[in-house]
Peer 1: 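Dropping a structure here in structure tokens format, bear with me for questions.
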Amino acid sequence: MKLQDTLSNQEKELETTPKVRIYLCGVTVYDESHIGHARTIIVFDVLRKYLESKNIEVNFIQNFTDVDDKIINRAKLENVSAEQISTKYIEHYFSDFDGLNVKRATNYPKATEHIQDILDFIQKLIEKEIAYVSKNGVYFSVSKFPEYGKLSKKHIDELQSGARIEVDEAKKDPLDFAVWKFSDIEPTWDSPWGKGRPGWHIECSAMSIKYLGGNFDIHGGGRDLIFPHHENEIAQSESFTENQFAKIWMHVGMVTISGEKMSKSLGNIKSIKYVLENWGPNIIRLFCLSGHYSKPIDYSEELLKENLIKWRQVETAYYELVHAIGANSSENVPEMAQKSSKDFDDALEDDFNTHLALSAFFTLVKETNRLAAENHLGEIESKTIMPELQRMLDILGLNIPKVLPEQKQDIDKMIQDRETLRKEKQFSEADKIRDNLNEMNVELIDHKGKTIWMKKEQIKADL
RNA sequence: GGUACUCUGGCAGAACGGUUAUGCGUGGGCCUGCAAAGCCUAUACAAGGGGGUUCGACUCCCUCGGGUACCUCCA
């Protein structure tokens, strides 16, 4: 698989043996997660599921930043401890992302549980004279890392000229950043240099190296993390290991609303809770995968609606396959299915182009529905197509709503009753049954010979 | 101001130096008791402006312009 690497600005081949090691910068747990977080995490979820579908072992680490000024401020505001805040939002995180059908990472390390690793890391930087102790904390000395700026393509001199006049004269250089902040405000930990808490960037360096070793395969996150977060991580980590940090830097574009980034100040944040309630996981996933991961996508209800229509086609195809009541086809169905499947993989192999992969997926959906409409979707066709369709559904993390066996019996009974009424031309009674089923999100499809049903995902949003 | 990304048909969105992208939408049709769903078919002058390279450019180069992000915390 080729992936665009932010650092070299080139496509690089992902090495998949013996396994793939991925570190994804997760969220700071001080508030609800939003659709922007969802996008980044869904992109990596699909990447991971795809690799695993190829029997590649993936060690997927995603951190929680659970010590941070924003958490502390929030705690103060709500008059609770910082830990209560972070615990609460970690719980919310999992309920959101389980709801989005995101597979749990191999591990979710937290900064607060790795203080000793962080202290060891800092100690070594001090010993190497790359970090220094000052009045307010321990700082990383940017001038000791000549390649500083290589990820974000910034020039140090320009940064300095543009930098604001630093209030903190304890720093030797305005660009230097804290790896340890002295503080008496809880949470704090003792350190050889003074009581305090870790700086933001150090946790990711310490934890990624701890869990994945130096020189792991993919380091990812949102584009907005390139500077300063990832730039600083590189500086710390490569100073520490004297080796290349991550092989590929993969950055996911922002989700915008009316062309603008979501932000608190603009008040245009769409929480995952909100979109999940209104649209459900499948449509959100389709939306998040609808563009190339590196580019921004613009959130709008219209686009979600478009994805809903596409999703209905998927549901239809799936249930046509389940029932497969047609005669056999004279077409080369296996070839068609294999082509879609191959196009799907090819698209993902080429810089993880999910949009093209979705095109291939929808081609299979469309062909299935065409065969059904032409009454040529029989059992043989179904057995050929279903595994391919299911494979793609699994990789994309899409779930067809299923019904329980006992519900199924009820549905079949209702369809039979309706059939009888229709034969007796009691159409208004027959339509009542259809309406009742509709309320259960069960839609009937009247084919020439036989009526089949499909279970539809419930959508709350106004259409 | 600096850096990066970006500008494709009503909307979304790819690929590619020369071939219909695709989807949604829209028009028409098939199916149906009527619907719904699905299918078929038609529909687009597409390429921010201007130059250049080329037999040929949306695709390469230059230039001008627009947008977004980052340069402080941010997925």
Side-chain angles (χ1 to χ4, degrees), chain A residues 6 9 24-28 30-31 33-44 62 65 68-70 73 149 151-155 157-164 175 177 200 220-229 231 251-256 259-264 286-287 290-292 294-298 300 302-303 305-310 312-313 315-317 319-320 347 350 353-360 362-363 365-375 377 421-423 425-428 430-431 434-435 438 443-448 451-454 456:
Chain A
T6 309
N9 209 16
L24 176 65
C25 282
V27 297
T28 302
Y30 76 105
D31 206 345
S33 300
H34 55 67
I35 183 94
H37 302 117
R39 183 191 189 191
T40 301
I41 285 158
I42 286 169
V43 163
F44 275 85
Q62 183 186 325
T65 298
D68 175 89
D69 290 355
K70 287 193 292 292
N73 291 339
L151 180 72
S152 57
K153 316 282 184 278
K154 294 189 186 303
H155 304 289
D157 44 341
E158 278 162 5
L159 274 175
Q160 280 170 326
S161 62
R164 302 170 184 189
L175 286 179
F177 55 90
W200 174 34
R223 278 208 102 78
D224 52 352
L225 294 184
I226 294 173
F227 191 90
H229 185 55
E231 192 71 58
H251 289 105
V252 179
M254 298 292 101
V255 177
T256 58
E260 284 172 314
K261 184 178 166 181
M262 284 191 286
S263 77
K264 288 260 160 65
L286 285 175
F287 166 73
S290 66
H292 191 267
S294 66
K295 292 187 182 178
I297 48 172
D298 202 51
S300 73
E302 278 75 34
L303 279 181
K305 204 163 155 183
E306 188 174 320
N307 282 298
L308 169 62
I309 289 162
K310 292 180 181 184
R312 292 298 187 221
Q313 295 172 1
E315 289 173 324
T316 304
Y319 278 101
E320 291 286 5
D350 186 8
N353 192 331
T354 51
H355 183 270
L356 268 188
L358 284 175
S359 291
F362 285 121
T363 300
V365 166
K366 193 100 182 164
E367 289 289 291
T368 302
N369 286 333
R370 183 180 59 82
L371 287 168
E374 291 171 357
N375 197 29
L377 191 72
L421 290 166
R422 287 175 79 201
K423 280 195 183 118
K425 299 218 185 312
Q426 300 189 48
F427 293 121
S428 66
D431 288 352
R434 185 167 66 189
D435 292 343
N438 257 321
E443 181 159 324
L444 299 184
I445 303 171
D446 286 330
H447 280 295
K448 271 198 184 102
T451 298
I452 66 164
W453 55 267
M454 60 186 266
K456 297 196 298 183

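In the text below, chain A, chain B and the rest are named by the order of the sequence lines, each starting its count at 1.
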Peer 1: If you draw a 6.0 Å radius around NZ in A/K305, do more than 12 non-hydrogen atoms from other residues or ligands fall strictly inside?
Peer 2: no
Peer 1: Test side-chain contact (heavy atoms from CB on, under 4.5 Å) on A/I297 and A/K295 and set out the steps.
Peer 2: CA-CA 7 Å; A/I297 48 172; A/K295 292 187 182 178; over 6 Å; no
Peer 1: Tell me the interatomic distance from A/F177, atom CZ, to B/C73, atom P, rounded to whole angstroms.
Peer 2: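 After rounding, the reported distance stands at 11 Å.
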Peer 1: Taking any heavy-atom pair under 4.0 Å as a contact, classify A/H292: base, sugar-phosphate, or nothing.
Peer 2: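 Counting heavy atoms under 4.0 Å across all strands, the contact made by A/H292 is with sugar-phosphate only.
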Peer 1: Closest nucleotide of RNA chain B for A/K310 versus for A/N369: which of these residues is on the 5' side?
Peer 2: A/K310
Peer 1: Produce the list of close N/O pairs, under 3.5 Å, pairing protein atoms with atoms of nucleotides 66-70 of chain B; give distances to one decimal.
Peer 2:
unit_1: B/A69; atom_1: OP1; unit_2: A/K261; atom_2: N; d: 3.4
unit_1: B/C70; atom_1: OP1; unit_2: A/K261; atom_2: NZ; d: 2.4

Peer 1: Taking the C1' atom in each of B/G67 and B/A42, what is the distance between them to the nearest angstrom?
Peer 2: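 Those two atoms are separated by 35 Å.
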Peer 1: From the set B/G13, B/A4, B/A75, return the single nucleotide nearest to any side-chain atom of A/T40.
Peer 2: B/A75
Peer 1: Between the protein and nucleotides 27-30 of chain B, are there any N/O to N/O pairs under 3.5 Å, and if so, what are the atom names and distances?
Peer 2:
none

Peer 1: For RNA chain B, what dot-bracket results from Watson-Crick or G-U pairs at under 3.5 Å, with [ ] for crossers and | for inter-strand partners?
Peer 2: (((((((..(((.....[...)))((((((.......))))))....(((((..]....))))))))))))....
Peer 1: Nearest whole Å is fine: how far is B/A12 P from A/L358 CG?
Peer 2: 17 Å
Peer 1: State which residues pass ring-ring contact (aromatic ring centres under 6.0 Å, His included) with A/F177; sequence neighbours excluded, sorted by chain then number.
Peer 2: A/F140, A/H201
Peer 1: Within less than 4.0 Å of OP1 or OP2 of B/C39, is there a side-chain N or O belonging to A/K366?
Peer 2: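 Answer is yes, contact under 4.0 Å.
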Peer 1: Determine the Euclidean distance between corresponding P atoms of B/C71 and B/G13; express it in Å to zero decimal places.
Peer 2: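 Those two atoms are separated by 24 Å.
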Peer 1: Checking A/R422 against A/D446 for the side-chain contact (heavy atoms from CB on, under 4.5 Å) test, could you report, in this order, the C-alpha distance in whole Å, the side-chain angles of both residues, the deciding distance, and whether it holds?
Peer 2: CA-CA 12 Å; A/R422 287 175 79 201; A/D446 286 330; 3.6 Å; yes
Peer 1: Protein-nucleotides 33-37 of chain B N/O pairs closer than 3.5 Å?
Peer 2:
unit_1: B/G33; atom_1: N7; unit_2: A/R422; atom_2: NE; d: 3.4
unit_1: B/G33; atom_1: N7; unit_2: A/R422; atom_2: NH2; d: 3.4
unit_1: B/G33; atom_1: O6; unit_2: A/R422; atom_2: NE; d: 3.2
unit_1: B/G33; atom_1: N1; unit_2: A/D431; atom_2: OD1; d: 3.1
unit_1: B/G33; atom_1: N2; unit_2: A/D431; atom_2: OD2; d: 3.0
unit_1: B/C34; atom_1: O2; unit_2: A/R434; atom_2: NH2; d: 3.4
unit_1: B/C34; atom_1: N3; unit_2: A/R434; atom_2: NH1; d: 3.1
unit_1: B/C34; atom_1: N3; unit_2: A/R434; atom_2: NH2; d: 3.2
unit_1: B/C34; atom_1: N4; unit_2: A/R434; atom_2: NH1; d: 3.0
unit_1: B/A35; atom_1: N6; unit_2: A/D446; atom_2: OD2; d: 2.6
unit_1: B/A35; atom_1: N1; unit_2: A/R434; atom_2: NH1; d: 3.1
unit_1: B/A35; atom_1: N3; unit_2: A/R434; atom_2: NH1; d: 3.0
unit_1: B/A36; atom_1: O2'; unit_2: A/E443; atom_2: OE2; d: 3.0
unit_1: B/A36; atom_1: N3; unit_2: A/L444; atom_2: O; d: 3.4
unit_1: B/A37; atom_1: O4'; unit_2: A/E443; atom_2: OE2; d: 2.8
unit_1: B/A37; atom_1: O2'; unit_2: A/T316; atom_2: OG1; d: 3.1

Peer 1: Please test A/K456 against A/E315 for salt bridge (charged side-chain N to carboxylate O under 4.0 Å, His left out), starting from the C-alpha separation and ending with a verdict.
Peer 2: CA-CA 7 Å; A/K456 297 196 298 183; A/E315 289 173 324; over 6 Å; no
Peer 1: Could you measure between the two C1' atoms, the one in B/G65 and the one in B/U53, and give it in whole Å?
Peer 2: 23 Å
Peer 1: For a quick check, tell me whether the side chain of A/E306 and the base of B/G25 share a donor-acceptor pair closer than 3.5 Å.
Peer 2: no
Peer 1: Under 4.0 Å, heavy atoms only, any strand: does A/G253 hit a base, just the sugar-phosphate, or nothing?
Peer 2: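 The residue A/G253 makes base contact.
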Peer 1: Could you pull out all residues at least two apart from A/S359 that satisfy side chain to side chain donor-acceptor pair (under 3.5 Å)?
Peer 2: none
Peer 1: Using whole Å, what does the distance between atom C1' of nucleotide B/C39 and atom CD1 of A/I309 come to?
Peer 2: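 Answer to the nearest Å: 16 Å.
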Peer 1: How far, in whole Å, is B/U59 from B/G48 if one measures between their C1' atoms?
Peer 2: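 Straight-line distance between the two C1' atoms is 16 Å.
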Peer 1: If the P atom of B/U26 is compared with that of B/G10, how far apart are they to the nearest Å?
Peer 2: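 Each nucleotide's P atom is 16 Å from the other's.
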Peer 1: Pick base, sugar-phosphate or nothing for A/S294, based on heavy-atom distances below 4.0 Å to the nucleic acid.
Peer 2: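 Result for A/S294 = nothing.
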